[in-house]
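Notes follow once the structure below has been shown.
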Amino acid sequence: MGIGTLTTNTRIDYVAELNEQQLEVVTSAGGPALVIAGAGSGKTRTLTYRVAWLLENGVKPWNVLLLTFTNKAAREMTGRVGELLGSEADGIWGGTFHSIGNRILRRHAETIGYRSGFTILDREDQLDLLKNTARDAGAPIRDKNFPKADVLAELFSLSSNTGEPLEQIVHERFGYFEGITNAIAAVHVAYLQRKMTANAMDFDDLLLQTNRLLRDHPEISASYREQFHHVLVDEYQDTNLVQAELVDLLGAQHGNIMVVGDDAQSIYSWRGANFENILKFPQRYPGAVSYRIETNYRSVPGILDVANAAIRGNHRQFEKNLRPWREAAARPIVAQLATNNEQAAYVARQIADLHRQGLPYRDIAILYRAHFHSMEIQLELTRRGIPFEVTSGLRFFESAHIKDVAAFLKFAINPADETAFRRMARLLPGVGEKTADSLWATVKAAATSTTPFGKSLRSAKPPTRAAKTWEQLAATLDEIAPERKPIAPDRAIEAVMDAVYDDYMKVEFANYENRREDLRTFIGYARQFPSTEDFLAQVALLTNVDHTETQQSTETDRVVLSSIHQAKGLEWAAVFVIWLSEGMFPGSRSLDKPDALEEERRLFYVAVTRGRDYLHLTYPQFRLNSTYGDPVQRPSRFIKEIPTHLLEKNPEEHRDYSVSPQKSNNKRDWWY
């Protein structure tokens, strides 16, 4: 019985268990193969049965390598093969790229200069090592403009995973560090040596060092190439340069490399994923056979019609057409709202209707391009008492950068606020808990004084490192509260950002751009309040409501608020995709870059295909309290690209959700 020959002499009835396209992949002959698996089409099921088919056709478990991106996916697939075949499946090499790299390196560490028992640095350990390395390498760490360890880690990781020189990464993604590129590069060189000396590897090394081992030691490479007769890769569209090379190195001898993925869901270039890997697989492996899996078991036909139309605008793609398994239901809705606040109110009302008519909150998701898009939604859900969880980050007012800036305003209206003072002080270089205590001991005496802030703060003696920024802090407090009379909250936040906090974020946070957008949204929210006192009181009330609910409730039935990037691979009965206006989604930085715009369109496709039964696409006509750009919002090109007959426009305020669309049968659960 040969691979690729359909036979009934198997324990599993593949014809009964798989659809025609899945069956073609599972029972295919060897050689390189590219499987384009559309959203909700049963990618996991197909890979699982492919492994089972190989084992039932005489391939030994230890001759199969299954590479995934998550431990959960690896456990699900190998576990399911075990359920299908029992002990015959024992010994499969299945796991994430990093876990397989670790497994290989544990056997051969000494070959590349490490000792057995090397340490894998977790994130905290990595940052500690980077801090010490930068200090010992003589980097200008006391300079307030030199990046902190978290930012250095991001820079080094991007360079490792993309193969781009560090100088290029700085130029293209962190341009505000270009003047100190040489100092950053010197820390990188020292860090690489420090890891080797410490017999330690960070997460990226598990791939980099594995590839180095296999490239530089042909005898070791040959043994693994001989072992792995079949290499299968899940989510190939998310691979970076290093991961693609590892696949090439391990699968070269037998050539039986099957990669499964969806180019239309390639959305992680910002963290190093290379879209070219899947797009150019047929050129990388001449003679590769391509397959399509296009039957979608997740969504109603109306959602799939929108998804197919949404991705059609991309030129660089493998064309596909998702076909529905489920029966027709209501069309998706596009809702044009007057303002961003009305958008939030609309979403909240629709969620309330869905819940009243029987849909659990946990089966509802609100998806967005960037975390700051969720602020009005969070406020509105809080006001209405609708429980929610935020998976894209902390709740808005609990974020560190929001609380940092708020501390300036709190101290300006209440100079006796010790907590606010300490938070401000700790933003300064060289100021920790003890120094903050010492500074407060001097400053608190002036709490009830009418002396301007600048004068009272200058009576304290900060560390030499912090002298310049302490002077800036004093001047900023005078600016936001001249003669101790606070100015409007939106103007105060802008002043803090311009004078102190924007530069702080650049060196402290790898996601500086996202946090800056959060603060711009914070400014917009503050604009509606006549005084800083009123503004901070409202923020405190909303934060305390959130905290009380979180502490007292064990309720797991909550609406999910998520960025689209984090929602990939998940699904909900009802999905709301918000802020579909030009410059918001697609994001403004992608509008003049064709490749970036195509990735934004793929991101929209991912958002649409998360919904099973109901889909709402929303955008405001006017952005209240806009801090920059045009407050008038134009609908996203992604909405305009969808034929009008596929969407229901200007819906009635309250909809009948009581009649659910046709539900999938129980077979659907393992179609994924």
Side-chain angles (χ1 to χ4, degrees), residues 338-342 344 372-380 382-383 395-417 419-421 423-425 427 443 446-457 469 471-505 515-545 620 622-633:
T339 68
N340 43 318
N341 289 342
E342 280 300 311
F372 75 93
H373 293 173
S374 71
M375 192 197 75
E376 292 96 354
I377 298 288
Q378 292 189 40
L379 294 175
E380 189 65 27
T382 300
R383 289 189 190 105
R395 294 193 178 211
F396 192 83
F397 296 122
E398 295 174 355
S399 303
H401 50 300
I402 299 296
K403 294 177 73 172
D404 286 345
V405 171
F408 283 80
L409 277 64
K410 290 179 179 179
F411 188 73
I413 66 169
N414 177 19
D417 189 334
T419 303
F421 174 83
R423 190 172 191 105
M424 284 192 309
L427 298 177
V443 171
T448 58
S449 169
T450 58
T451 304
F453 282 115
K455 186 175 181 180
S456 61
L457 262 65
T469 46
E471 176 64 31
Q472 184 65 64
L473 186 151
T476 302
L477 285 170
D478 273 343
E479 182 179 354
I480 68 176
E483 302 299 325
R484 297 208 178 194
K485 295 177 181 178
I487 62 177
D490 58 312
R491 290 168 49 212
I493 297 171
E494 285 185 288
V496 172
M497 280 187 67
D498 291 344
V500 178
Y501 204 70
D502 197 61
D503 287 340
Y504 173 83
M505 286 194 296
R515 292 178 188 255
R516 184 178 62 175
E517 294 294 348
D518 282 355
L519 286 168
R520 290 190 182 279
T521 301
F522 196 39
I523 292 169
Y525 177 63
R527 193 160 289 156
Q528 63 188 293
F529 294 90
S531 72
T532 299
E533 290 90 340
D534 291 341
F535 168 65
L536 291 175
Q538 180 66 15
V539 169
L541 288 171
L542 289 169
T543 305
N544 286 332
V545 166
F622 192 81
R623 186 181 182 189
L624 294 176
N625 305 315
S626 176
T627 60
Y628 64 101
D630 192 344
V632 177
Q633 301 292 293

How long is the straight-line distance from [atom2] of [Y] back to [atom1] of [X], given to the nearest 0.5 Å?
X: E376; Y: R623; atom1: CD; atom2: CZ; result: 7.5 Å
X: T476; Y: Y501; atom1: OG1; atom2: OH; result: 13.5 Å
X: L519; Y: M497; atom1: CG; atom2: CE; result: 5.0 Å
X: F535; Y: I493; atom1: CZ; atom2: CD1; result: 4.0 Å
X: H401; Y: D518; atom1: NE2; atom2: CG; result: 3.5 Å
X: Q633; Y: T339; atom1: CD; atom2: OG1; result: 10.5 Å

Applying side chain to side chain contact (heavy atoms under 4.5 Å, CB included) to L379 and F397, what does each step give before you reach the verdict? CA-CA 10 Å; L379 294 175; F397 296 122; 3.3 Å; yes
[X]: which residues meet the side chain to side chain donor-acceptor pair (under 3.5 Å) condition with it, sequence neighbours left out?
X: E479; answer: none
X: Y504; answer: none
X: D490; answer: R527
X: E533; answer: none

Is it true that R383 and E380 have a side-chain N and a carboxylate O under 4.0 angstrom from each other?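 Looking at R383 and E380, the cut-off is met.
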Would you name the heavy atoms of P486 and A412 that are closest together and state the gap between them?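 Between these two residues, the closest heavy atoms are CG-O, 3.9 Å.
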Could you go step by step and tell me if F372 and F522 meet the side chain to side chain contact (heavy atoms under 4.5 Å, CB included) rule? CA-CA 9 Å; F372 75 93; F522 196 39; over 6 Å; no
Do any N or O atoms from the side chain of T469 and from the backbone of Q472 form a donor-acceptor pair under 3.5 angstrom?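 Not at all, since once roles are kept as given, no pair shorter than 3.5 Å links the two residues.
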Does the T532 side chain pair with the main chain of I487, one donor and one acceptor, at a distance under 3.5 Å?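 Present.
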Non-hydrogen side-chain atoms of [X] and [Y] separated by less than 4.5 Å:
X: L477; Y: M424; result: yes
X: T382; Y: F396; result: no
X: R484; Y: P452; result: no
X: L409; Y: P489; result: yes

Set of ring pair (Phe, Tyr, Trp, His ring centres under 6.0 Å) partners for F411, sequence neighbours left out: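 Partners of F411 under the ring pair (Phe, Tyr, Trp, His ring centres under 6.0 Å) test: F421, F453.
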For D534, which residues count as a side-chain contact (heavy atoms from CB on, under 4.5 Å) partner, sequence neighbours excluded?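 Per chain and number, D534 pairs via side-chain contact (heavy atoms from CB on, under 4.5 Å) with F529, P530, S531.
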State which residue, out of L536, T419, V405, fulfils the side-chain contact (heavy atoms from CB on, under 4.5 Å) condition with K410.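 Exactly one option meets the side-chain contact (heavy atoms from CB on, under 4.5 Å) with K410, and it is L536.
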